[in-house]
Structure formats: C-alpha cells, structure tokens
Amino acid sequence: MRATVIGVKRMSGIGKESGKNFDFAQVEILRPMEVSSTPKFTLVGYGYETSRIDLSLESLDRFRDVRFPATLELIVDTVPGRQGLRSVVTGFRPVDVKAA
C-alpha cells in the first residue's frame, strides 16, 4: 500500500477508566479527502486528511531514519484482533518518487 507517511508513534500506559495496561503503535498517513453523501450526512472537502493504521511494535524502530513526510510502500498484514481481523503495518519499502 503506497502512502505519504507523516509519522509513527508508540503509546503505552494505564487506562484512566479501565486501569488496564496498554501498549500500541500507529502509522499516521495522508490520504485524499473522500466526499461522502447520505440522506443524513454530507461531507465535502478538498485536499488531504490524516488516517492512522496500527503498527506492529516490532516494526517501530525500522522507521527511525525515515525523513518525514515520506512516500513509502507500506507492508500490511491482516491479523486477528479482539473484534475480528485488523490490518497492521509490519514494515515498508522506500518508493522512488521520481520513477513512480
């Protein structure tokens, strides 16, 4: 999946309400604004918006030397989660933007 990646982050701690430990990472990307229209809701926009995709904790340090924003080919796997299958970024390949 080719994307403009603007950053990666890891968050860990203890939930305020649940008191349970959490530890997860995410990739933040830019994606084109999607126009949406239903009888009860309309969204019109131009440009880009941000989206987050889960990132495997083992892959976080691979992004250490990336100069953001960066166009990358994200390697995405589907893994079981608490609420069914979910997509997780497990790595990336640089994209030669000039050749693309």
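Position 1 is the first residue of the sequence, and the numbers go up from there.
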### Query
Does the R62 side chain pair with the main chain of T90, one donor and one acceptor, at a distance under 3.5 Å?
yes

### Query
Any idea which heavy atoms bring P32 and E49 closest together, and the distance?
O-OE2, 4.1 Å

### Query
To the nearest 0.5 Å, how far apart are CD1 in I53 and CZ in R86?
12.0 Å

### Point-to-point distance, once rounded to the nearest 0.5 Å, from CE of M33 to OH of Y48
10.5 Å

### Summary
The side-chain contact (heavy atoms from CB on, under 4.5 Å) partner of I29 among T4, L72, L74 is L74

### Shared hydrophobic cluster, L55 / M1 (ILVMFWY, side-chain heavy atoms < 4.5 Å)
yes

### Task
Give the minimum heavy-atom separation between I75 and R93, together with the two atoms involved.
CD1-NH1, 3.5 Å

### Task
Mind telling me whether F68 and F63 have parallel, tilted or perpendicular rings, with 30° and 60° as the class edges?
parallel

### Task
Check the pair L57 / D23 against side chain to side chain contact (heavy atoms under 4.5 Å, CB included), numbers first and verdict last.
CA-CA 8 Å; L57 294 176; D23 188 7; 3.7 Å; yes

### Task
Would you mind telling me which of D54, V8, V88 makes a side-chain contact (heavy atoms from CB on, under 4.5 Å) with V27?
V8

### Query
Is V66 reachable from L60 through a run of hydrophobic residues whose side-chain heavy atoms are each under 4.5 Å from the next?
yes

### Task
Identify the two heavy atoms, one from S59 and one from G91, that lie closest to each other, and give their separation to 0.1 Å.
OG-N, 4.0 Å

### Query
Taking atom OH of Y46 as the centre, does the number of heavy atoms from other residues, nucleotides or ligands within less than 6.0 Å exceed 12?
no

### Message
If hydrophobic clusters are built by linking Ile, Leu, Val, Met, Phe, Trp and Tyr wherever their side-chain heavy atoms come under 4.5 Å apart, do V5 and V76 end up in the same one?
### Response
yes

#### Entry: Rounded distance [0.5 Å steps], CD in E17 versus CD1 in I14
14.5 Å

### Task
Could you grab the distance from atom CZ of R52 to atom NZ of K9, nearest 0.5 Å is fine?
4.5 Å

### Task
Give, for atom CG of L43 and atom CD of E34, the distance between the pair rounded to the nearest 0.5 Å.
9.0 Å

